[in-house]
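Have a look at the structure below, then the notes.
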Amino acid sequence: MSQSDTILAMYEAMHSSLGPSHWWPGETPFEIAVGAILTQNTNWQNVKKAIANLKAHDLLDARAMHDLPLTELAELIRPAGYYNVKARRIANFLNFLKEEADYDLKSLKSEPLYELRPKVLGVNGLGPETADSILLYALDFPTFVVDAYTARLMDRHGLSYEGIDYYELQAIFMDALPEDVALYNEYHALIVRVGKDWCKKKAGLCDTCPLKPFLE
DNA sequence: TTCCGGGTAA
DNA sequence: TTACCAGGAA
């Protein structure tokens with residue numbers, strides 16, 4: 001089987017065994033973008049608490065959030081951890097949103113991906129994974145999100161190697177898959193689910209893993 | 001390489 | 001009590 005056939009087959013295996021993931025959780029593109037920053041190296045359960053705090057204060061709105069002093073924002077997102085750095089990163093993102101889109105995140109959809117992506121990456125605190133998460137899950141751009149789960153899973157299946165670069169790993173998927181936002185969306189979600197529940201950091205639970213047939 | 005960090009499962 | 005988490009910057 002070719003590399004891209006394998007990657008397509010892995011998707012089918014995960015999807016048929018786990019079902020749809022309904023990603024990204026979040027009611028609006030802005031909520032998704034904020035969630036993408038909050039979940040950097042952080043358990044989603046903790047992010048949910050931070051988002052609940054923001055919602056309770058009617059702050060899941062770009063203008064309202066931008067009017068809030070940084071220290072108060074930090075306090076509200078405290079459950080998500082790294083709350084001081086993340087408050088600064090969200091503020092950086094809000095500055096960007098104001099300048100580039102007059103606080104209207106969705107308006108950025110009119111811009112081509114190849115022009116928008118470098119601008120998003122120019123925001124201090126938004127690295128490749130966070131940028132791609134916002135572009136794919138909040139704005140429906142066809143850019144594939146990879147992460148530590150993806151790297152580990154692919155390495156363990158002999159389809160990658162330890163320490164692979166973000167863009168190289170991303171290219172493996174984008175070269176193998178048709179350009180399809182819904183597919184990119186679901187594939188990354190399935191990888192995260194498999195990464196959390198089977199392809200764990202220490203010892204993988206390969207015996208019961210949906211991807212067991214793909215081990216060498 | 002180190003720092004940022006609260007929350008929870010094991 | 002430790003280990004780890006939908007990372008990124010300095």
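Each chain gets a letter, A, B and so on, in the order the sequences are listed, and its residues count up from 1. This one's a predicted model, so the numbers in the text were calculated from it and none came from an experiment.
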(message) Could you check whether Glu31(A) pairs with Lys55(A) (Lys NZ or Arg NE/NH1/NH2 to Asp/Glu carboxylate O, under 4.0 Å)?
(response) yes
(request) For Gly127(A), report the nucleic acid contact type (base, sugar-phosphate, nothing); a contact means any heavy atom under 4.0 Å. (result) sugar-phosphate
(request) Determine whether Leu76(A) and Tyr83(A) make a side-chain contact, defined as any pair of heavy atoms from C-beta on separated by less than 4.5 Å. (result) no
(message) So which atom in His157(A) and which in Leu215(A) form the shortest heavy-atom distance, rounded to 0.1 Å?
(response) CE1-CD2, 3.6 Å
(request) Determine the contact category for Leu38(A): base if any of its heavy atoms lies under 4.0 Å from a base atom, sugar-phosphate if only primed atoms, P, OP1 or OP2 are that close, otherwise nothing. (result) nothing
(message) Measure CD1/Ile37(A) against P/dA9(C) and give the value in whole Å, please.
(response) 11 Å
(request) Compare the minimum distances between each of dG5(B), dG6(B), dA9(C) and the side chain of Asn84(A), then state the nucleotide with the smallest one. (result) dG5(B)
(request) In whole angstrom, give the distance that lies between atom CG of Asn124(A) and atom P of dC4(B). (result) 16 Å
(request) For Phe93(A) and dG8(C), give me the distance from atom CZ to atom P, rounded to whole Å. (result) 14 Å
(request) Looking at every strand, decide which applies to Ala80(A) at a 4.0 Å heavy-atom threshold: base, sugar-phosphate, or nothing. (result) base
(request) Measure from CZ on Arg89(A) to C1' on dG5(B) and round the result to the nearest Å. (result) 12 Å
(message) Measure CZ/Arg88(A) against P/dA10(C) and give the value in whole Å, please.
(response) 11 Å
(message) Could you tell me how far apart Asn92(A) (CG) and dG7(C) (P) are, to the nearest whole angstrom?
(response) 19 Å
(request) Could you pull out all residues at least two apart from Arg63(A) that satisfy salt bridge (charged side-chain N to carboxylate O under 4.0 Å, His left out)? (result) Asp102(A)
(request) Scan residues 184-209 of chain A against DNA chain B and write down, sorted by residue number, each residue with any heavy atom closer than 4.0 Å; if none is found, say none. (result) none
(request) Go through Asn95(A) and His66(A) one step at a time and tell me if the side-chain hydrogen bond (donor to acceptor under 3.5 Å, both in side chains) criterion holds. (result) CA-CA 8 Å; Asn95(A) 289 334; His66(A) 211 182; 2.8 Å; yes
(message) Measuring to OP1 and OP2 of dG7(C), would you say a side-chain N or O of Tyr82(A) lies under 4.0 angstrom away?
(response) no
(message) For the P atoms, the ones on dG7(B) and on dG8(C), what distance do you get once it is rounded to whole angstrom?
(response) 23 Å
(message) Can you confirm whether Thr28(A) sits close enough to Ile32(A) that some side-chain heavy atom of one is under 4.5 Å from a side-chain heavy atom of the other?
(response) no
(request) Using atom CZ of Arg78(A) as one end and atom P of dG5(B) as the other, report the distance to the nearest whole Å. (result) 9 Å
(message) Short of 4.0 Å, heavy atom to strand atom, which residues of residues 40-59 of chain A count as contacting DNA chain B?
(response) Asn41(A), Thr42(A), Asn46(A), Lys49(A)
(request) Give the cluster check for Leu8(A) versus Met1(A): same hydrophobic cluster or not, with ILVMFWY residues linked at side-chain heavy-atom distances below 4.5 Å. (result) no
(message) Ignoring hydrogens and geometry beyond distance, is a side-chain donor-acceptor pair present between Asp155(A) and Tyr161(A) at under 3.5 Å?
(response) no
(message) I want to verify a distance call: between dG5(B), dG7(C), dC5(C), whose nearest atom is closest to the Glu129(A) side chain?
(response) dG7(C)
(request) Answer yes or no: is there a side-chain heavy-atom contact under 4.5 Å between Asn185(A) and Phe144(A)? (result) no
